Amino acid sequence: MRRLVSETTLRPRQLILPMFVAEGAEAPRPIGSMPGVLQHTRESLRKAAVDAVRAGVGGLMLFGVPATRDARGSGATDENGILNVALRDLRAELGDDTVLMADTCLDEFTDHGHCGVLDAAGGVDNDATLDRYADMARAQAEAGAHMLGPSGMMDGQVGVLRRALDDAGRTDVGILAYSAKYASAFYGPFREAVDSQLQGDRNTYQQDPANAREALREVELDVAEGADAVMIKPAMTYLDVVRAVAENSPVPVAAYNISGEYSMVEAAAEKGWIDRERTVLETLTSIRRAGADLILTYWAAEAAAWLD
Ligand code: PBG
């Protein structure tokens, strides 16, 4: 009877697996603060991606960890940069079997760790960054991404990406916009995952956790600029925002169940304080119940196998 009247579905196709690939890695490297998550080699990435798609996940979101960094984040736009190389690997391997997505942001590639390029005063230069994102969009589309994930929270980034793609004849490439991305302490483990060089914070471009209305405005702007789907991030501490956006958005809504959310559950489960599988499924179900159509989660492949 519970199955008959259950209101919320959780299906493998609704899950997107974020994955990390490290340039020059000879073996997969464990990420200490994210037990079970790896910085992949090109080869181990390929295998893990195939396994995840076989398990039924709806998409993959790829992050690159370069061997060298500079102020402009050159590796992000270099066709031989690790993210673009890995996109080509996965597109060749998987074709259209999954939705292949890429993080369209500079922070993994800059030596200062910010999501954009800096001005003379050391602040992030919004408009100069947009030019870099346009180059990155072209490179990622060329490398085989089906969908781009602009995560840098620069004003106007969705419109600039859409125009860059259209001008390159790539009307087929979609945009999953990180519309409402909060300046969150829960990103801590991700910084280890990508060897982030960041000193300080991202408060000049990511949102204040105190603000909900601002998220609706950001979503509205991104939709007007051409977003095909919008994202709220983090998920667990922003379920009210997910709900509000789901009630207003004309496009699919994604939520990113981020690194710190993953690590908290893993740490408590490791101590035997909570039941891991039940907690994971309850977490994902609650994000769906709040109104997210799609969930980016490091548990995607494992949860997909459980749900199958
Ligand atoms: C920025 C980016 C971040 C995450 C995804 N894209 C880090 C940040 O904004 O500091 C975080 C993901 C996670 O914590 O799981 N390119």
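This chain uses plain numbering: 1 for the first residue, then up along the sequence. When a ligand or atom number is given, it counts from 1 through the structure's own listing order. Nothing here was measured: the structure is a model prediction, and the numbers come from that model.
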Original post:
What atoms of ligand 1 come closer than 4.0 angstrom to any heavy atom of D103?
Top reply: 6 (N), 16 (N)

Subject >> Those atoms of ligand 1 less than 4.0 Å from some heavy atom in C105 >> reply: 16 (N)

Original post:
Do E282 and R278 meet the salt-bridge criterion of a basic N to acidic O distance under 4.0 Å?
Top reply: no

Original post:
Is it true that D135 and R138 have a side-chain N and a carboxylate O under 4.0 angstrom from each other?
Top reply: yes

Subject >> Identity of the nearest option to atom 7 (C) of ligand 1, non-hydrogen atoms only, from Y205, F190, Y178 >> reply: F190

Subject >> Heavy atom of Y262, distance to ligand 1 below 4.0 Å >> reply: no

**OP:** Quick one: look up the protein heavy atom nearest atom 10 (O) of ligand 1 and list residue, atom name and how far away it is.
**Re:** R191 NH2, 2.6 Å

**OP:** Measure from NZ or CZ of K233 to the centre of the six-membered ring of Y187 and say whether it is under 6.0 Å with the direction within 45° of the ring axis.
**Re:** yes

Subject >> Closest to atom 4 (C) of ligand 1 among E261, R202, K233 (heavy-atom distance) >> reply: K233

Subject >> Donor + acceptor pair across side chains of H146, D172 (<3.5 Å) >> reply: no

Original post:
Which residue owns the protein heavy atom closest to atom 16 (N) of ligand 1, what's the atom, and how far is it?
Top reply: D107 OD1, 2.6 Å

Subject >> Short N or O distance, S259 and ligand 1, threshold 3.5 Å exclusive >> reply: yes

Original post:
For atom 2 (C) of ligand 1, what is the nearest protein heavy atom, given as residue, atom name and distance?
Top reply: K181 NZ, 3.1 Å

